Enquirer: 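Sharing a structure with you now.
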Amino acid sequence: MAWGGYYPAMNRPIRVHLLPALFEPHELKDGVAVVIDVLRATTTIVYALAAGAARVIPCGEVDEARRLAAGLAPGWVLLGGERGGLKIDGFDLGNSPSEYTAAVVAGKSLVFTTTNGTRALLRAREARRVFVAAFANLNAVVERLVDDEGTVHIVCAGTDGGVTLEDVLCAGSIAVGLCRSGRTFDSSDDSTQLAISLSENAAGHYDRHLSVLRASRGGRNLVEHGLDADIVTASRWDTAATVPELSREPWHIGLAGDSRATGRRFVEPPG
Ligand code: MLT
């Protein structure tokens, strides 16, 4: 059985978690976590910070987001996110990456809550470092992870408690990038192998890549809401060289201070 040559070499383990519920938060303490919700929360966070937002403050609940925003400097805070895929009543922005332009978000604090993505971030918070990934910043994230140490925990947010293909595809692409980086990783974990094989199946074929996103649970929800353009946006690789990182004290997501994206490609876009 050949799995693209990614055999264990007793080095930094890669663990893909297909859902946040499939690990206990303390299991991440030994390593670095990367959280993925391609459709759409982590794509939107990458876009927002690339557009110059000062910080993104992730919240689990809508009321908590409203309370937090009310306590911040008026004029410099925006409420963003979704429930059921749609903008929340009274919020400034929904969860479409294309809404988060420099004209709207530059210099602002975004208080952000989504159904699955922000909750996955909260569950990963015990890792030594927590990065935010999507196709939009895929190679920049791989570069950041290669430079780090310890187990790489790749956390897929899923959709409403179920595994969703686009997050697994992105997880597999990150794992492939790590394995091709020249550093030695152990990708023998079964979920990691599953994610890698999904990624290898779409490699070099943008049409397959896009159809995985459209056919997934998250993708079908967006198509139903007439948000296919967001799927296309989220499918694009390396549109940003930014690596968002969760800070615990104070609680927010900003740009990883020690990012040094060189533009190196560890894994090629699908076309
Ligand atoms: C989520 O966090 O649940 C997603 O980003 C849902 C969505 O596509 O808006």
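In each ligand, atom 1 is the first atom listed, and ligand 1 is the first ligand listed. Just so it is clear, the structure is predicted and the values come from calculations on it, not from any experiment. Heavy atoms only: backbone and side chains are in, while hydrogens, waters and symmetry mates are out.
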Enquirer: So how far is it from Leu138 CG to Ser173 OG, rounded to the nearest 0.5 Å?
Expert: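 Rounded to the nearest 0.5 Å, the CG-OG separation comes to 5.5 Å.
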Enquirer: Hey, which residues fall under 4.0 Å of ligand 1 on heavy atoms?
Expert: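 Within 4.0 Å of ligand 1, protein side: Asp37, Leu39, Arg40, Ala41, Glu82, Asn95, Thr114, Thr115, Asn116, Gly117, Leu222.
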Enquirer: Between Trp237 and Phe135, how do the two ring planes meet: parallel, tilted or perpendicular, split at 30° and 60°?
Expert: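 Parallel: the ring planes of Trp237 and Phe135 meet at under 30°.
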Enquirer: So, using salt bridge (Lys or Arg N to Asp or Glu O under 4.0 Å) as the criterion, who are the partners of Glu126 when residues are at least two apart?
Expert: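 Checked Glu126 against salt bridge (Lys or Arg N to Asp or Glu O under 4.0 Å); matches are Lys29.
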Enquirer: For the side chain of Ser187 and the backbone of Thr192, is there at least one donor-acceptor N/O pair under 3.5 Å apart?
Expert: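 No, because the side chain of Ser187 does not come within donor-acceptor range (under 3.5 Å) of the backbone of Thr192.
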Enquirer: Parallel, tilted or perpendicular: which describes the rings of Tyr100 and Phe112, with under 30° parallel and over 60° perpendicular?
Expert: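 Rings of Tyr100 and Phe112: perpendicular, as their planes differ by over 60°.
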Enquirer: Please identify which of these residues, Asn137, Asp148, Ile253, Val152, meets the side-chain contact (heavy atoms from CB on, under 4.5 Å) condition with Phe131.
Expert: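 Of the listed residues Asn137, Asp148, Ile253, Val152, the side-chain contact (heavy atoms from CB on, under 4.5 Å) partner of Phe131 is Asp148.
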